[in-house]
Amino acid sequence: MARARFAPSPTGPIHIGNMRTALFNHLFVESGSNNTMILRIEDTDLQRSSAEYERLIYEELNWLGIEWDEGPDKGGDYKPYRQSERLDIYNKYYNRLIEEGKAYYCFCTPGELERDKNQTACEASSPRYSGRCRRLTGAQAEEYLREGKPATIRFKIDPGRTVVFEDVIKGRIEINSDTLGGDMVIRKSDGMPTYNFSATIDDHLMGITHVIRGEDHLSNTPKQILLYDAFGWVPPAFAHAPLILGPDRTKLSKRHGNTYIGQYRQEGYLPEAMLNYLALLSWAPEGERELLSKEEIIKQFRLERVTRANPVFDIDKLNWINAHYIKEAETARITELAMPYLIKEGLISPQEAEEKREWLELMTAIVQDSLVKVSDITDRVRIFFNDRFEPESQEALQTLKAQGTAEMLKRLKSAIEGARQVDQEFCSGIFKALQKETGIKGKHLYMPIRVAVTGQCHGPELVKIFSLLGKERLIDRIDHVLNNYV
Ligand code: GLU
C-alpha cells in the first residue's frame with residue numbers, strides 16, 4: 001500500500017528529466033498492488049509558476065500514459081494538491097516550530113546576508129547563515145514584527161550532526177549538518193514556504209511512503225530529514241535517480257537540444273516509444289530485449305534495479321525505438337497523426353484530410369516503414385501531391401533523355417490507358433512486356449519510369465506508387481514529362 005508522488009513545479013515547459021521522474025514513480029506504483037500515485041503541484045514560486053505550465057504537465061503526463069489517483073484535477077482525501085492553496089496548513093507548522101524553539105523569525109536584510117556570505121567565504125568554510133537572529137529575544141522579534149519589518153522564518157540546524165539515510169537507489173548516505181548552510185529559511189519574506197519545508201509537510205500529511213525524484217535533490221534530503229525529526233515524524237523512503245546527461249556528459253539542458261518533452265510529441269515521437277526509451281534511462285530490463293511495452297516494463301520494474309550511473313540522452317537510440325513503434329503501429333493511427341504535418345506543409349487542406357482519408361491511409365502505408373518520426377512524412381510523400389514536378393536533379397533528367405526512353409514511356413502510357421487497374425499484376429506484366437519489346441532492362445527501365453511518375457531517382461516501390469496514383473494521374477504525369485523533359 002505504498003503512496004508515491006510526482007511533485008513538479010510549473011515553472012517552465014516540463015523537462016525530460018522530470019518526465020522520467022514521473023515515469024519511475026508511475027512504474028513503481030503500478031508494479032505493486034494497491035499503490036497510489038499522487039500528483040502535487042509545487043507552485044510556491046509565484047513569480048515563475050504559471051497556469052499554462054501546469055496545463056502542460058497534465059497534457060504531457062496524459063500523452064505518455066502516466067496516470068495519477070489524486071491531484072489538483074482529481075481531488076482526493078488529502079486535498080488541496082496545489083501548494084499555493086495550502087498556505088494555512090503551513091502556518092500551523094511554522095508556529096509549532098517557533099513555539100517549540102526550533103525555528104525563529106529572521107530580519108536580516110539582503111545586504112547583511114551578502115556580507116555574511118563574503119565573510120564565510122574568507123574563512124573558507126562552506127557558506128552558512130551567521131545565526132544572527134537566532135539570538136534575538138522573543139520580545140525583540142515581536143517588536144520588529146509589529147514595526148512591519150520584513151521577516152523570514154528560519155529552522156535551526158545545529159552544526160556537528162550527521163544525517164544518515166538509506167537511499168533505495170544510492171545506498172547509505174551520510175551528510176554532516178555543517179555543510180547545510182546553517183539555519184535554513186522555511187518561510188520566505190513574501191509569506192511563501194521554501195521547497196524543503198512545504199515538500200516535507202506535504203509528504204508527511206499526504207502519507208507519502210516513497211519519495212522518488214532526481215538526484216539533484218539529494219542535497220535537500222538531509223534538510224528534510226531534520227524537519228521530520230523536529231516534528232517527530234518518520235521520514236518516507238527516499239530514492240534518488242541519477243541525472244540524465246547530454247552527450248558531453250554535462251546535465252541535459254537546452255544546449256543539447258529539446259528538453260521539453262512536448263517538443264518530441266510535436267515532432268511525431270510516439271508515446272510508447274518515449275516511455276520505453278525513458279524507462280531505459282537508468283533502468284535495465286532483466287533480459288536482452290529492450291523494446292518493451294509498458295505492461296512488460298511494469299512487470300519487471302524494481303526501484304532497486306535503477307542504476308547509479310548517470311545515463312546519457314541518446315537521440316539515435318530514441319530514434320531507433322521510435323522507428324520501431326511507428327512500423328508496428330496501425331496505419332490508421334499514423335495517418336491520423338500525420339494529418340497536421342500534411343496540412344501545415346500545404347499538401348492537403350483540412351477538408352481533404354477528412355474526405356480523402358482512405359487514400360491518405362494507403363499513402364501512409366507506403367512510407368510508414370521508413371519514418372523515424374511522424375513529421376518525416378511530409379518529405380516522403382511530397383511526390384504523391386504535385387503532378388507538375390520537375391525532375392529532381394541532373395541525374396534524373398539524364399535518365400529521361402536516355403535513348404529509347406520516349407518510346408518506352410509512350411508504350412507504358414498506352415498500356416496504362418488500356419488497363420482496368422494499375423495493380424501488382426498489371427505492373428509485373430507491363431514491366432516484363434516493356435523489357436521484351438524495347439530491350440531496355442533493369443535499372444535502365446525502372447529508373448526512367450520512376451522519374452517519369454515521381455520526378456525522383458529513388459523512392460517507394462513502383463507498384464505501390466502506381467496503385468496509389470491510379471490511372472489518370474499516371475497518364476497525366478507521363479504526359480507532362482514527355483512534353484517537357486524527354
Ligand atoms: N518541485 C520539486 C521539483 O520539481 C520537487 C522535488 C521533489 O520531488 O521533492 O524539482
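Values below: every heavy atom of this structure, side chains too, minus hydrogens, waters and symmetry copies. Quick caveat: nothing in here was measured; it's all calculated off a predicted structure. For ligands, and for the atoms within them, numbers begin at 1 and follow the listed sequence.
Scanning the protein for heavy atoms near atom 5 (C) of ligand 1, the closest one is A7 O, 3.1 Å. Shortest contact from atom 9 (O) of ligand 1 to any protein heavy atom: Y195 OH, 2.5 Å.
Taking every heavy atom of R5 and a limit of under 4.0 angstrom, the matching atoms of ligand 1 come to 7 (C), 8 (O), 9 (O). Remark: ligand 1 atoms within the under-4.0 Å shell around heavy atoms of E42 are 1 (N), 2 (C), 5 (C). Each of the atoms 1 (N), 2 (C), 4 (O) of ligand 1 lies under 4.0 Å from some heavy atom of S9.
The closest approach between any non-hydrogen atom of A199 and ligand 1 is not below 4.0 Å.
Aromatic pair F313/Y277: centroids less than 6.0 angstrom apart. Between Y195 and H217, a ring centre-to-centre spacing shorter than 6.0 Å is recorded. In this structure, the ring of F197 has its center no less than 6.0 angstrom from the ring center of Y93.
At least one cation-pi condition fails for K317 and W320: the charged atom is not both under 6.0 angstrom from the six-membered ring centre and inside a 45 degree cone around its axis. With F24 as the aromatic partner, R20 meets the cation-pi criteria of under 6.0 angstrom to the ring centre and within 45 degrees of the ring axis.
When the heavy atoms of R213, Q83, H15, H217 are ranked by distance to atom 3 (C) of ligand 1, first place goes to H217.
Pairing each heavy atom of P159 with each of R128, the nearest pair is CB-NH2, 4.1 Å.
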